[in-house]
Amino acid sequence: MRKIIILLILSTNLIMSKDVVVADLASRKAIAGVSFSCKEYGTTSNKFGIVNLKVLDECDSIKIKHISFIEINILNKEFNNDTIFLAKKSYVLPEINLKNNKESFVVFSKLRKLNRIKIQENLNTNISEILKKTIGITIQESQSGGGSPNFRGMEANRLLVINDGIPLNNAIYRNGHIQSSSTINPFFVENISIVTGPAAVVYGDGAMGGAMIINTISLKTKNENILKQQFESSSNSVSINYLGFSSFKKISSATGISINSYGNLNMGSKRNHGYLDWGNESIIVSGVEQEKTSFDKYDFIQKINFDINSESSLGLNTQFSTTSRINRFDKLNDLENENAKYRYWYYGPQLRIAQNIKYTNKKKLFFSDLFLVQLAWQKLNESRHHQKENENLKSNRQERVLIKDLNIDFQKRIKKLNIHYGFSIRDQKVTSQANLSDSIGNLTYNTTRYPDGGSKVLDVSLFSQAHYLFSDQLEFYLGSRLNNNYLKSVFNDTITYMLPFNEIILENQGIVYSAGMKLMFDKHVSLNSSIFSGFRNPNVDDVGKIFSKNDGLVVIPSNKLSLEKTLNFEIGFFVNYNKLKLNAQYYQTKITDAIQRNNSSINGNDSLFYDGAMMQIQTNQNISSAKISGLNIFSEIIINKQFKFESIINVCKGKDYLDNPLAHIPPTTISANLKYAIDQDILSIGWQYNSQKNANEYDEAGIDNLDEATEDGIPSWQTFNLMYKKNLDNRTTFNFGIKNILDQHYKTFGSGISGSGRNFIVSLTTKF
């Protein structure tokens with residue numbers, strides 16, 4: 001990588017012809033501390049990224065080095081530009097990270113990490129859309145305002161989502177599709193990582209094949225305000241986002257506010273797939289407008305850090321997110337006798353409040369070089385409301401979850417050995433209420449979704465990990481976690497459905513382990529391999545729920561469930577040259593004691609009258625096993641000074657123990673992006689492709705929503721996208737984008753709502 005385009009930076013004038021600026025290829029930001037050397041001479045760039053090369057006048061070739069960037073050599077005579085670009089390393093040897101110590105032990109299995117710059121360049125106000133376009137994760141959408149990530153066939157309660165070190169997964173995470181990750185606002189996010197390998201050992205329950213790690217904004221040591229405004233044409237949505245950073249002596253803080261208003265979403269008009277009526281619902285679509293998909297969203301974040309002394313600090317993290325009511329589009333498009341089946345079907349405001357207190361101590365002690373104590377509290381409210389056209393009463397069901405977490409982590413380094421150990425406690429309480437209401441507000445009795453006497457879940461875990469640097473070429477990782485889970489649910493009403501029990505008590509113990517190896521053939525090529533297990537405890541949704549996905553089947557409580565387990569194997573190949581980066585990972589996952597719905601009976605009856613209809617009874621049972629295998633490929637090619645090409649390929653296959661199609665298995669996806677950069681302009685052209693999924697490849701339980709696809713399944717689809725970014729000055733950035741340029745109609749796998757049609761996006765970000 002050599003000299004490249006001039007960077008307009010700060011207001012500092014370059015004093016001499018031998019003054020140059022060194023900057024990051026991706027972000028265009030100046031880099032401090034870059035060394036320029038030859039023989040016994042050397043110099044370093046200052047905090048503005050400026051370096052004077054007069055001391056190196058006699059050198060023929062100059063070596064340019066920085067710990068986080070790829071080293072290059074440039075002939076002295078080639079310094080005829082004012083700016084040199086350096087490319088970041090995609091592979092860095094594991095090290096103890098004092099800010100987020102857990103991630104330092106999963107870095108060898110980190111498939112991809114998105115920094116704040118990439119997240120903001122994507123121009124999405126929904127974090128699920130960012131994951132789909134930049135990592136290739138499949139996103140299921142049943143309505144506007146949400147998105148359920150699917151990674152390697154693991155979705156909902158089988159995919160662990162971590163926010164600032166604390167799981168978002170909770171006791172009512174279901175096995176279908178979960179939109180909770182959408183409560184995290186992308187404008188508040190510093191980075192997102194997808195990790196496999198020791199994820200279950202590091203983070204625990206739910207990481208059956210990996211985990212998605214979301215870290216919010218890092219605090220700054222200077223005062224700064226950021227204001228971002230954005231408009232999107234396909235939904236007439238507007239968003240206003242603010243971040244304010246301040247620092248005074250030992251205290252630093254960040255405050256963020258975000259207001260988003262979304263109109264009805266327009267789908268694509270070009271139906272190259274040949275299905276003229278698919279998604280063109282007769283009762284809820286007008287032209288290309290998908291009616292009743294508008295909603296509003298409000299987010300707030302406050303982070304404060306106090307440096308007690310040079311070795312310890314105390315941090316407070318407060319997050320708040322809520323929405324207006326969100327209509328369930330895939331229910332409102334249902335027909336009964338050629339008319340709308342439902343008058344109402346919507347989620348009430350989804351509320352999430354979280355507080356996180358973290359104490360960090362870096363003092364070297366006998367038992368640790370660093371220890372961290374994290375105490376967190378979360379409150380979640382959600383509700384479901386529906387009324388059929390032929391009914392006089394509306395069903396209202398509300399759920400509240402209160403979660404308390406305590407995590408204590410220790411790290412110790414002994415020569416070439418890094419040790420990480422600790423324990424965690426998680427306490428959850430679930431309350432469920434319900435009523436039937438008429439048009440004037442009168443309330444009558446209704447059955448609850450979850451046990452009406454309340455539920456309690458307690459998890460206690462111990463874990464330990466070791467990372468041994470055998471040599472410069474070989475590293476080993478070992479780890480294990482022991483988890484004890486206790487669940488109790490109480491039913492006050494056992495008469496309505498004649499339940500044979502009035503409480504459910506489950507206690508499950510699980511142990512998971514991981515073993516990994518990384519082999520460096522040279523500084524450019526490496527190989528990693530790991531075998532690891534994962535687990536998921538049956539939660540309140542598994543054991544205590546009474547609900548119907550349609551009017552044919554009803555799921556009732558089950559008092560005999562044990563934990564689901566996975567055994568995973570993966571092998572990865574990494575190439576990292578100056579102009580080529582390649583990461584290919586092959587994986588296999590075996591699920592045992594999988595929880596699956598099967599036909600059942602209660603008191604000798606195989607049917608039950610529920611929500612106005614007689615339905616076949618089903619219960620969750622540990623009866624099946626399944627296998628998943630696939631391939632993830634990430635590549636990046638720097639063509640020349642201006643052009644960079646990136647691509648992502650994800651392939652996933654899965655069958656259950658009877659060789660039947662497994663739920664949650666997405667079709668093959670391919671993403672490609674060509675980026676052109678010159679001066680203050682960045683232009684990128686993207687292509688996103690999803691292969692078809694035939695109807696005979698869908699699961700039999702209906703989790704993948706075959707009824708929302710065509711009679712043949714989901715046809716293949718592709719979109720072309722364009723993004724343009726310009727730094728108007730060092731404080732103002734203008735972004736313009738066109739997504740789905742060809743205005744193609746499509747649905748993502750498992751989704752009940754059609755994807756966005758041609759979408760013009762305009763964004764302006766100002767720092768002051």
>> Would Ile326 and Gln350 count as a side chain to side chain contact (heavy atoms under 4.5 Å, CB included) here? Give the steps.
In response: CA-CA 9 Å; Ile326 298 176; Gln350 298 179 21; 4.3 Å; yes

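- We find the CZ-CG distance between Phe320 and Asn185 to be 13.0 Å, quoted to the nearest 0.5 Å.
- Rounding to the nearest 0.5 Å places CG of Asn327 at 7.0 Å from OG of Ser294.
- Inter-residue side-chain proximity for Gln744 and Gln718 is flagged as unmet; no heavy-atom pair is nearer than 4.5 Å.
- Contact between Asn309 and Glu311 at its shortest, heavy atoms only, is OD1-N, 2.8 Å.
- To the nearest 0.5 Å, atom CG of residue Leu243 and atom CZ of residue Phe188 are 6.0 Å apart.
- The two residues Asn169 and Val161 make their nearest non-hydrogen contact at OD1-N, 3.0 Å.
- Checked by atom type and distance alone, the side chain of Lys303 pairs as donor or acceptor with a backbone atom of Ile217 at under 3.5 Å.
- A distance of 9.0 Å separates CG in Asp296 from OG1 in Thr323, rounded to the nearest 0.5 Å.
- Side-chain atoms of Asn727 and Thr733 form a donor-acceptor pair, as typed in the model, at a separation below 3.5 Å.
- Between the side chain of Asp729 and the backbone N or O of Thr732 there is at least one donor-acceptor pair closer than 3.5 Å.
- Looking only at side-chain heavy atoms (C-beta outward), Val34 and Ile64 come within less than 4.5 Å of each other.
- Note: Tyr676 and Phe643 meet the aromatic proximity criterion, with ring centroids under 6.0 Å apart.
- Looking only at distances, no side-chain donor or acceptor of Arg400 sits under 3.5 Å from a matching main-chain atom of Asn381.
- Asn115 and Asn191 form no side-chain donor-acceptor contact under 3.5 Å, judged by distance and modelled atom types alone.
- If you check the side chains of Gln378 and Lys404, you find no donor sitting under 3.5 Å from an acceptor.
- Looking only at side-chain heavy atoms (C-beta outward), Gln290 and Ser754 come within less than 4.5 Å of each other.
- Here the closest heavy-atom approach between residue Thr293 and residue Leu265 is recorded as OG1-N, 2.8 Å.
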>> Run Leu380 and Ile403 through side chain to side chain contact (heavy atoms under 4.5 Å, CB included) and show every step you take.
In response: CA-CA 8 Å; Leu380 309 168; Ile403 310 169; 4.0 Å; yes

> Passes side-chain hydrogen bond (donor to acceptor under 3.5 Å, both in side chains), Thr255 versus Gln302? Steps please.
Replying inline: CA-CA 5 Å; Thr255 303; Gln302 174 73 65; 2.8 Å; yes

> Step by step, would you call Gln642 with Lys675 a side-chain hydrogen bond (donor to acceptor under 3.5 Å, both in side chains)?
Replying inline: CA-CA 8 Å; Gln642 285 81 36; Lys675 181 178 288 187; over 6 Å; no

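- Pairing each heavy atom of Asp164 with each of Asn356, the nearest pair is O-ND2, 3.3 Å.
- With hydrogens and angles disregarded, no donor-acceptor distance shorter than 3.5 Å links the side chain of Gln319 to the backbone of Ile301.
- Remark: Ile357 CD1 to Trp377 CH2 distance equals 11.5 Å, nearest 0.5 Å.
- No donor-acceptor distance shorter than 3.5 angstrom exists from the side chain of Glu232 to the backbone of Phe760, with no hydrogens or angles considered.
- For the pair Arg426 (side chain) and Pro167 (backbone), a donor-acceptor distance under 3.5 Å is present.
- Separation of atoms CD1 (Ile637) and OG (Ser647) is listed at 7.0 Å; rounding is to 0.5 Å.
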> Does the pair Lys581 and Glu646 meet the rule for a salt bridge (Lys or Arg N to Asp or Glu O under 4.0 Å), with working shown?
Replying inline: CA-CA 9 Å; Lys581 298 180 180 68; Glu646 297 176 324; over 6 Å; no

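- Relative to the ring axis of Phe734, Lys726 does not place its NZ or CZ within 45° and under 6.0 Å from the centre.
- Side-chain atoms of Ser35 and Thr44 form no donor-acceptor pair, as typed in the model, at a separation below 3.5 Å.
- Scanning all heavy atoms of the two residues, the minimum distance from Lys220 to Ser252 falls at O-CB, 3.8 Å.
- Proximity of Leu86 to Ile70: side-chain heavy atoms (C-beta onward) are nowhere separated by under 4.5 Å.
- Checked by atom type and distance alone, the side chain of Ser45 pairs as donor or acceptor with a backbone atom of Gly33 at under 3.5 Å.
- In this structure, Arg116 forms a cation-pi arrangement with Phe187, its terminal cationic atom sitting closer than 6.0 Å to the ring centre and no more than 45° off the ring axis.
- Remark: side-chain polar atoms of Gln374 are not paired, donor with acceptor, to backbone N or O of Tyr359 under 3.5 angstrom.
- Contact of the Ile304 side chain with the Asn317 side chain is not registered, since no non-hydrogen atoms from C-beta on lie closer than 4.5 Å.
- Minimum heavy-atom separation, Leu159 to Gly210: CD1-O, 4.0 Å.
- In this structure, Ser234 contributes its side chain and Gly757 its backbone to no donor-acceptor pair below 3.5 Å.
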>> Does Tyr724 form a side-chain hydrogen bond (donor to acceptor under 3.5 Å, both in side chains) with Asn735? I'd like the steps, not just the answer.
In response: CA-CA 6 Å; Tyr724 173 70; Asn735 290 83; over 6 Å; no

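- You'll find the side chain of Ile259 stays beyond 4.5 Å of the side chain of Asp299, heavy atoms only.
- Of the possible donor and acceptor atoms, one in the side chain of Ser751 sits under 3.5 Å from a partner among the backbone N and O of Thr748.
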>> Show, in sequence, the C-alpha distance, side-chain angles and deciding distance for Ser193 and Met212, and conclude whether the side chain to side chain contact (heavy atoms under 4.5 Å, CB included) test is met.
In response: CA-CA 6 Å; Ser193 301; Met212 185 168 70; over 6 Å; no

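- Annotation for Phe768: atom CZ counts as buried by contact number, over 12 foreign heavy atoms lying within 6.0 Å.
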> Between Val189 and Asn215, is a side chain to side chain contact (heavy atoms under 4.5 Å, CB included) present by the stated rule, with each step listed?
Replying inline: CA-CA 6 Å; Val189 173; Asn215 293 315; over 6 Å; no

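- Side-chain contact between Ile194 and Phe151 is present, with heavy atoms from C-beta onward closer than 4.5 Å.
- The shortest distance between side-chain heavy atoms of Phe295 and Lys297 falls below 4.5 Å.
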>> Run the side-chain hydrogen bond (donor to acceptor under 3.5 Å, both in side chains) test on Asn241 and Ser258 for me, step by step, so that the C-alpha distance in whole Å, both residues' side-chain angles and the decisive distance to 0.1 Å come before the verdict.
In response: CA-CA 4 Å; Asn241 305 275; Ser258 179; 2.5 Å; yes

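- Tested against Glu289 for a side chain to side chain donor-acceptor pair (under 3.5 Å), the candidates Asn236, Asn264, Asn266 yield a single pass: Asn264.
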